[in-house]
Amino acid sequence: MSDIRARKSHNLSLEDAKKTAQKLADQLQKEFQVDSKWQGNTLNFTRSGVKGTLDVTEQEVILDISLGFMLKAFKGKIQAEIDNNLGKMFA
């Protein structure tokens, strides 16, 4: 079960939504050393203390994240940042 779940509707084509998701993955790799790999329309990502998926559909993106023990204390702040970034990227 995930600690954080976020959903964001979009009006992009599936291809453009995946490109946008890849930009997000590239940013996370650069800033936080988050490794990611596509499996179909799902972007799987992991880093010490964090693992999750970003499912891209034709209507929305669905993000599920499991946090390690040390990061659970920051869940609210992480959730707020995720909601803000998804809102900007998939507007």
Taking [X] for the side chain and [Y] for the main chain, is one N or O donor matched with an acceptor at less than 3.5 Å?
{"X": "K23", "Y": "K18", "value": "no"}
{"X": "D3", "Y": "L67", "value": "yes"}
{"X": "R7", "Y": "E60", "value": "no"}
{"X": "S2", "Y": "R5", "value": "no"}

Are more than 12 heavy atoms, taken from residues, nucleotides or ligands other than [X], located less than 6.0 Å from that residue's [atom1] atom?
{"X": "E31", "atom1": "CD", "result": "yes"}
{"X": "N84", "atom1": "CG", "result": "yes"}
{"X": "K72", "atom1": "NZ", "result": "yes"}
{"X": "K8", "atom1": "NZ", "result": "yes"}

Worksheet item: Do Q29 and Q33 have side-chain N/O donor and acceptor atoms under 3.5 Å apart?
Response: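 No donor-acceptor contact under 3.5 Å links the two side chains.
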Practice prompt. Indicate whether any N or O donor in one side chain lies under 3.5 Å from an N or O acceptor in the other, for T53 and N44.
Written response: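 No donor-acceptor contact under 3.5 Å links the two side chains.
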How close do [X] and [Y] get, counting heavy atoms only, and between which atoms?
{"X": "D64", "Y": "F45", "answer": "O-CZ, 4.1 Å"}
{"X": "S36", "Y": "L43", "answer": "CB-CD1, 3.7 Å"}
{"X": "V56", "Y": "A21", "answer": "CG2-CB, 4.1 Å"}

With rounding to the nearest 0.5 angstrom, report the [atom1] to [atom2] distance, [X] to [Y].
{"X": "L12", "Y": "E58", "atom1": "CG", "atom2": "CD", "answer": "11.5 Å"}
{"X": "N11", "Y": "D16", "atom1": "CG", "atom2": "CG", "answer": "11.5 Å"}
{"X": "N85", "Y": "F90", "atom1": "CG", "atom2": "CZ", "answer": "10.5 Å"}

Discussion item. Membership question, hydrophobic clusters at under 4.5 Å side-chain separation (ILVMFWY): are L14 and M89 in the same one?
Written reply: yes
Worksheet item: Same cluster or not: are I62 and W38 linked, directly or through other Ile, Leu, Val, Met, Phe, Trp or Tyr residues, by side-chain heavy atoms under 4.5 angstrom apart?
Response: no
Worksheet item: Are any of the side-chain nitrogens in K77 or E81 under 4.0 Å away from the carboxylate oxygens of its partner?
Response: no
Worksheet entry | Test side chain to side chain contact (heavy atoms under 4.5 Å, CB included) applied to Q27 and F32, step by step | CA-CA 8 Å; Q27 179 183 348; F32 302 108; over 6 Å; no
Worksheet item: Between T42, V61, I65, which is the residue that forms a side chain to side chain contact (heavy atoms under 4.5 Å, CB included) with L54?
Response: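 Answer to the side chain to side chain contact (heavy atoms under 4.5 Å, CB included) test with L54 among T42, V61, I65: V61.
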Practice prompt. Given side-chain hydrogen bond (donor to acceptor under 3.5 Å, both in side chains), test D35 with T46 step by step and report yes or no.
Written response: CA-CA 5 Å; D35 294 321; T46 186; over 6 Å; no
Worksheet item: Between I78 and V50, does a side chain to side chain contact (heavy atoms under 4.5 Å, CB included) hold up when you go through it step by step?
Response: CA-CA 11 Å; I78 294 168; V50 178; over 6 Å; no
Fill in: Check against side chain to side chain contact (heavy atoms under 4.5 Å, CB included), T57 and N41
CA-CA 7 Å; T57 72; N41 292 331; over 6 Å; no
